[in-house]
Structure formats: structure tokens, C-alpha cells
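Just the heavy atoms: all of them, side chains too, but no hydrogens, waters or symmetry mates, feed the values below.
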Amino acid sequence: MIHYVGSGHGLSSLAPCQKEMQRCLLERTVGFPENLNWFTIQHAKPRPIPPSIVKSFTCAAKSFFATAHNGASFSESLQLYSSLIQQCIGIKSITDITKIQSHALKRGFHHSLGNKLIDAYLKCGSVVYARKVFDEVPHRHIVAWNSMIASYIRNGRSKEAIDIYQRMVPDGILPDEFTFSSVFKAFSDLGLVHEGQRAHGQSVVLGVGVSNVFVGSALVDMYAKFGKMRDARLVSDQVVGKDVVLFTALIVGYSHHGEDGESLQVFRNMTKKGIEANEYTLSSVLVCCGNLEDLTSGRLIHGLIVKAGLESAVASQTSLLTMYYRCGLVDDSLKVFKQFINPNQVTWTSVIVGLVQNGREEIALLKFRQMLRSSITPNSFTLSSVLRACSSLAMLEQGKQIHAIVMKFGLDIDKYVGAALIDFYGKCGSTEIARSVFNGLLEVDVVSVNSMIYSYAQNGFGHEALQLFSGMKDTGLEPNNVTWLGVLSACNNAGLLEEGCHIFSSARNSGNIELTKDHYACMVDLLGRAGRLKEAEMLINQVNISDVVIWRTLLSACRIHGDVEMAKRVMNRVIDLAPEDGGTHVLLSNLYASTGNWSKVIEMKSAMREMRLKKNPAMSWVDVEREIHTFMAGDWSHPNFRDIREKLEELIEKVKELGYVPDTRFVLQDLDEEKKIRSLYYHSEKLAVAFALWRSNYKNTTIRILKNLRVCGDCHTWMKFVSKIVGRDIIARDVKRFHHFRNGLCSCGDYCWKSCSNSISPWELEAARLVIRLLLWQPCG
DNA sequence: TTAGGGTTAG
């Protein structure tokens, strides 16, 4: 039943309406002079509007003109409005629809056209206007309800979609298969498990179950997104006439929940049934191959993509390059990337991520620059990855430039980028900046807190890490595996034995954390460094973990405390677990060397030669004026070696005056005392510091050193003295942690070099000597 | 006139 509303719809009102329509149409066809009549419009040649549109408008107007004169019936007028609205959809003009709506409203046609108008607004992308009409008109067709729900979901407004869905039954409208195929996504988007299940129940009651493959695949997708793969499978099994979409939803579901093998099985079943995979399926299956590092299947899918002619499809190409880099084939990944004619943001990001994950950080940064040059905007994915590249290379200046780009795009409040920034500044030794980034985050989650705890941990700020950890409870954040490890490592790096033991037992007793070998390794390190070797050994035996890293950690502690007997025992365990491992032999050889057992050292070295094991040469890198310089112990190949040597001699003389005494215990070769002292002087980190000071004599910048092994104990003392005499900060990042040298002291509090045995070690004596010297040296008051 | 699945990060 169609209702007329208002009274102005008769023939008498047609003339002004005609004028109104003429005005609307004239405005639509921009460029027409206003004094033209309908006849001239038919023959006029508009400038900016494409001829096809003008033609359609002219025909519509002609028809309206004719009906107006002949006395248009209600249905004729309605038809004309519908036709005009249809044309507006064609040119996606919301303005024109609004004009037609206002015209129709004056003539009382508004409500009769309600569903048409809703459809038109939605097709032109205006959910707001559509909703306005939806709320105004009394007789909404089921199509209007379904269209509103689908549009809200497409626009990421799932809550409003659910509101509309929940109003259907009270309004006397029963949801149909179109409703359910849309609405389940709204529940999964919002993570509303119970509500989603209830809607599933309602669909069964209404008889709109899985007989429809659209409803079935939407349900499979919803259950998969909830992580309920068993339910997803049960629904899928009931669907008759399964299609490629349903299978893809299942494949993606399994993959997202770590069951990539099952995904591949589903894919095989699908192809067995003769269902052809499309671009969506193939991209998803490639992700599974990448996650499984299953290159054979990955290459097979690559073949299928070529066969299906989908090589140029962007998503499958992106997945292809992702699959190759996850399988470690960076060059193949780059080959795929080269085939892109116009790489998009995701493609650029994928290739950058792949390079960073495979340790090709420098090329990743190069690609990032190319991306910016091709005017592709980086997103939070891209920026967090390039920041990771800068962290790995300790490239402070580059990272700062990327931080500026982050600020430009307003992404410094993003939790992913924020965590990457915190990690970056932490790894570059700038804990204060890391903290200010942390404080500026819009949303703090467990990952950003973990990043901050790690920054503190790496830089020896144990108490700060503990404080942040205890504050987590107030913010309602639950610590995870990574948090416990971070805070344990903070205690370890700062030598907080008691606190570390307390944290470890809390983690063990918390009940909801599964401790991994990393947690145990950290605890063994803490106990071992503190000299509680027996306890450390007992802990390993107690948990019965056969992991080479844990035993090697204990071996390293044996070396610090000179426990040769335990070291031999531990070494046997290490060799059992990793017979080819060179590091173990180096450790034992160093242990013999530090106890002066040179015959054993020679024995070990010849054993290592036979096994063709090599000790990694110690290397240091220093960043001076954005240029990286590499140094090796006793290597004078640097073009400025004369200046470096001169600077080094000068520094050594000055630090000696302040009390520096070379500690030859750190020379692991059998040399006479004088030669030992000379070999200490030319350690790579000393060369790097001397070079940096020579090149930047009159500047007050921080010197940043990166070392591939741990900083040697003698160099550690030497750098403390140097920081005092030159009044400059030195930050040394070694393989384990950071050392901030400032004004004669180090942030590690010398914990790394302190022996915890009962007798006073030479190091403690040296530290005491240093403190006295500094006290004397500093002016009082 | 209305409907379902995919690619990149800690």
C-alpha cells in the first residue's frame, strides 16, 4: 500500500515543481546558461560533464516534461524519481540525491521512495544520510535493513550494525540469510563471543542456517576469529555446496591460530573436490607456507599462481615475497619485489620487514629511502620495522631522522611504533628519551611496558625496571612471559641478586606463567655471577632442561670465579649438547688462560685447530659524523693510524696519572708482562675511543662504541678514567649490555667485573682506589 | 535494490 503524504502533488503543483526540477538539473549540468529551456538542453553540448551522463539526464528530463503536461499518474512520477535517483547513483552524486529527495518530499513522495533513497545514499558512500532516511521513513523494506547493516560493517561501525540488527524483530522484521551473512562479522569485529553465538542460535530458529553458503562462510569466519576452530569446523562440515570463500575462511582461521599444517590440509581437500583457488586463497596459503618455512609447498603455490595468471595480483605477489623471506630466501623475495610495477604501501613494507628480519638492515634502510622517494607514505608497520633496523645497527642519527618522520605522520602515539622507538632508544643507550616516548604513548599495553623494562635492563637501571614492573598492577596490566624475563634480566644486569631471586620465585608461583629456558638461563646467570655456582647447577638439574645456552652460561660463571673443576664437568654437558660449538672451547681456553694454566691453553687451541674451530676476533665500531669506523685489536690498517696511536699514547699517559693500572689478567695469551701491557693498550675498543676523540677533539658529543664481544675488564676501567679526563660521555654497547661512562664512573656499577667471593678481588681494590682518587681530584664544596 | 574469505609490524 502506497501512501500520499501532503496535498501538493496534483497537476496544479507540477509547474513550480517542473521549474524546481529544471533548476536542479541545470545545477547538475554545470556550465549550462540559466535561460535555456528543456528543448535547448536536449541539444546543448555541456563542457565538463561526460556525454553519457548528459544524455541520460536529458532523457529523464524529457520524460518528466512529457508526463507533467499529460498529467502524470502517481506511479509514473514515482518511476521518474526512481529513474533520476538511479542516474545519481551512476554518477555517485549525493548532492543530486538530496535535491531529488527534497523535491519529492514537497510533493509527498518521500516515504514511498525511502528504500530507494537509502540504497542510493549507501551506494554513493553516505551512511549518515542513509541512516537519516532510514529513521524517518515508516515502511522499511528488509533490503534497507540489510543494506544499512552491511554498510555499517564495511565502514567499521559494527556497533551500529548490531544495534540495527537488534531492532529488527521488535520492528516486526525477521532477519534473513542476507542479514546473517553480514551481521556475524560485526560480532567478530567487536569480539562479542556470546552475542555472536546467540545470533547463530537465532539464525537456526529462523531456519536460516548453514543451508546458505554465504551464511555458512560468515559463521565459519566468525568462529575462526573467536579462535573457536572446532566450532568453525563443525559449521563448515554442515554446509552443503561449500565454495572457495568458505574454504578460504577455514584456511585463514587455522593459520591465524598457528595451525598452518591443518590449513594446508584444508587447501588440499579443497583442490581434491575440484574447487579452484583464487587470489584470496593462494595468498592465504602462501602465508601458511611461510609460517611453516615449507619452501616446497611455497614453490608449488608459486607455480599455481603463474598457472592461474595471478602473477600481477598484488596480494598474492605480496604473500609470495613474504613466503620467500620467511623461508630465508631473501634474494628470491627481492626478485618477486622487482616484478612489481607500482608497489603499494603494503608491498614496500613487506619487503622492508623481510630484509630486517633476515639481518639485511642496510638494504632495508635503502629500500625505505626509495619508498619515500616514490611518494609512498610509510605506515606504522613500515616505521616500526625501519626503527628495528636502526636498533640492530645502533644507528642513532638515522633512527632520530626516522623518529622525525614518525612525528610528521603523528604516529608517535601508536603503540607499535612507540614500542619500536622505546626499543631503539634503549638499544642506543638513550634511556631518558625512551622513557619520554613511553610517557607520551596514548595507549600503554604490555608490549610497550616490556620494551621500557628491557631498555632499563640493558642499560643497567635495575631499580627503575623494578619500579615500572610493580606499577603494572595499578594500571591493570598483567605481566606476561616477556615481562618476567625482562625484569629478571634487569636484576641480572644490575646485580640485584635478592630482588632477582624474589622475582624468580614470584614468577614460578604465579601459576599462569610458563617459565622457558630463557628465564632459567637468566637465573643461572644471576646466581652464577654472584658466585652461587652450586645453586645454579642445582637449578639446572632440578628443571632438567637440556639446553646448551644454560650450561654455557654456567660455564661462563665458572670462568669468572675460576672454578676449574666445575667448569670441566659443565663443559662435558655443553659438548654433549653441541659438539661443534666453538664458543665452548673458547670459554674453557680462556678459563685456563685466566688461571695461568698455559699448557692447557695450548692443548685447547690445538684441539680447536683440529676441529677447525675459530675464535671470533674482537671488533669495535664507532660512529663519527655519521660514518662507521671498524677496529680490530692491534690492527693498524686505519688510514689515520698515526694520529690514533698518538692520541692513544697521550690518553694512556693521562689516565695513568689518575691511577689507571693495566690489568694483565685480561690478556689471555702467554706473554711476558711488558708485552701483555702493550697488547692491552691496543684493544679494539681503546683504538675506537682514541680515534673518536682525535676526530672530534673540540666537540662535546657522546662517543658511541659497538663491540661484538663483551667489553674487556681492563678497557672498562680505562674508559671510566678517559670519560673523566676528557669530560665526555662514552656509551659502549657490547654483546650483552650497555655501559655508560660518565665522569669516571660506569652505569653498570662495575657489577660485571665484580667477583663475589669472600676475599677482596683486585677489581674491588681497583674500584676503591678509583673512588679515593676521584674524591681527591674533585674540588670540595 | 541487500550478503561471506586475503597480503605487512613489537
Side-chain angles (χ1 to χ4, degrees), chain A residues 82 85-86 89 115-120 122-123 140-151 153-154 175-185 188 208 212-222 224-225 239 243-253 255-256 277-288 290 310 313-323 325-326 343-354 356-357 378-388 391 411 414-424 445-451 454 482:
Chain A
S82 300
I85 291 169
Q86 206 58 43
I89 295 172
N115 293 311
K116 282 257 178 264
L117 286 166
I118 293 167
D119 178 53
L122 291 177
K123 281 183 177 151
R140 290 166 293 229
H141 193 272
I142 176 90
V143 173
W145 289 86
N146 291 339
S147 304
M148 280 307 303
I149 291 172
S151 295
I153 295 171
R154 263 199 303 275
D176 64 2
E177 58 264 48
F178 285 87
T179 323
F180 287 113
S181 50
S182 294
V183 82
F184 291 133
K185 189 176 185 303
S188 60
V208 192
N212 179 304
V213 72
F214 283 84
V215 178
S217 49
L219 261 175
V220 167
D221 183 58
M222 179 182 81
K225 297 237 162 77
V239 178
D243 66 1
V244 64
V245 178
L246 186 133
F247 277 111
T248 310
L250 209 54
I251 289 167
V252 173
S255 173
H256 280 178
N278 61 19
E279 192 200 339
Y280 286 61
T281 330
L282 294 171
S283 345
S284 313
V285 177
L286 276 173
V287 175
C288 305
L310 294 169
V314 176
S316 53
Q317 284 279 71
T318 311
S319 305
L320 199 56
L321 78 85
T322 306
M323 183 277 290
Y325 82 64
R326 287 204 177 139
N344 64 17
Q345 194 187 47
V346 176
T347 328
W348 275 109
T349 304
S350 305
V351 77
I352 290 167
V353 168
V356 175
Q357 286 186 357
N379 61 14
S380 54
F381 285 68
T382 336
L383 293 167
S384 54
S385 291
V386 285
L387 280 167
R388 273 186 60 203
S391 304
L411 288 168
D414 177 274
K415 62 178 182 177
Y416 289 98
V417 179
L421 275 172
I422 294 165
D423 182 56
F424 161 72
D445 68 351
V446 71
V447 180
S448 37
V449 175
N450 289 351
S451 306
Y454 268 89
V482 185

How is [X] classified with respect to the nucleic acid when contacts are heavy atoms under 4.0 Å: base, sugar-phosphate, or nothing?
{"X": "A:V287", "value": "sugar-phosphate"}
{"X": "A:V447", "value": "base"}
{"X": "A:N450", "value": "nothing"}
{"X": "A:T179", "value": "nothing"}
{"X": "A:S384", "value": "base"}
{"X": "A:V346", "value": "base"}
{"X": "A:D414", "value": "nothing"}
{"X": "A:K116", "value": "nothing"}
{"X": "A:V220", "value": "nothing"}
{"X": "A:D119", "value": "base"}

_Checking contacts here: which listed nucleotide (B:dT2, B:dA9, B:dG5) is nearest the side-chain heavy atoms of A:A249?_
B:dG5
*Minimum-distance nucleotide (side-chain atoms of A:S283 versus B:dG6, B:dT1, B:dA3)*: B:dG6
[X] side-chain N/O to [N] phosphate OP1/OP2 under 4.0 Å:
{"X": "A:H256", "N": "B:dT7", "answer": "yes"}
{"X": "A:K225", "N": "B:dG4", "answer": "no"}
{"X": "A:R388", "N": "B:dA9", "answer": "no"}
{"X": "A:R140", "N": "B:dT1", "answer": "no"}
{"X": "A:Q317", "N": "B:dT8", "answer": "no"}
{"X": "A:Y325", "N": "B:dT7", "answer": "no"}
{"X": "A:Q345", "N": "B:dT7", "answer": "no"}

Whole angstrom is fine here: how far is it from [atom1] in [X] over to [atom2] in [N]?
{"X": "A:E279", "N": "B:dG5", "atom1": "CD", "atom2": "P", "value": "15 Å"}
{"X": "A:K123", "N": "B:dT2", "atom1": "NZ", "atom2": "P", "value": "5 Å"}
{"X": "A:N146", "N": "B:dT1", "atom1": "CG", "atom2": "P", "value": "14 Å"}

Between the base of [N] and the side chain of [X], is there any donor-acceptor pair under 3.5 Å?
{"X": "A:S181", "N": "B:dG4", "value": "no"}
{"X": "A:N212", "N": "B:dG4", "value": "no"}
{"X": "A:N278", "N": "B:dG5", "value": "yes"}
{"X": "A:S350", "N": "B:dT8", "value": "no"}
{"X": "A:S217", "N": "B:dG4", "value": "yes"}

*Can you run down the salt bridge (charged side-chain N to carboxylate O under 4.0 Å, His left out) pairs that involve residues 212-221 of chain A, sequence neighbours left out, and say none if there aren't any?*
A:D221-A:K225
*What residue pairs, at least two apart or across chains, pass salt bridge (charged side-chain N to carboxylate O under 4.0 Å, His left out) with a residue in residues 140-150 of chain A?*
A:R140-A:D171
_Between A:S147 and A:V143 (side chain of the first, backbone of the second, donor and acceptor by atom type, cut-off under 3.5 Å), is there such a pair?_
yes
_Regarding A:S151 and A:R154, do their side chains bring together a donor and an acceptor under 3.5 Å, going by distance alone?_
yes
*asked:* Evaluate A:T281 against A:T248 for side chain to side chain donor-acceptor pair (under 3.5 Å), listing each step before the verdict.
replied: CA-CA 5 Å; A:T281 330; A:T248 310; 3.2 Å; yes
*Does the side chain of A:V356 reach to within under 4.5 Å of the side chain of A:V386, using non-hydrogen atoms?*
no
*Evaluation steps, side chain to side chain donor-acceptor pair (under 3.5 Å), between A:D423 and A:S451*: CA-CA 6 Å; A:D423 182 56; A:S451 306; 5.8 Å; no
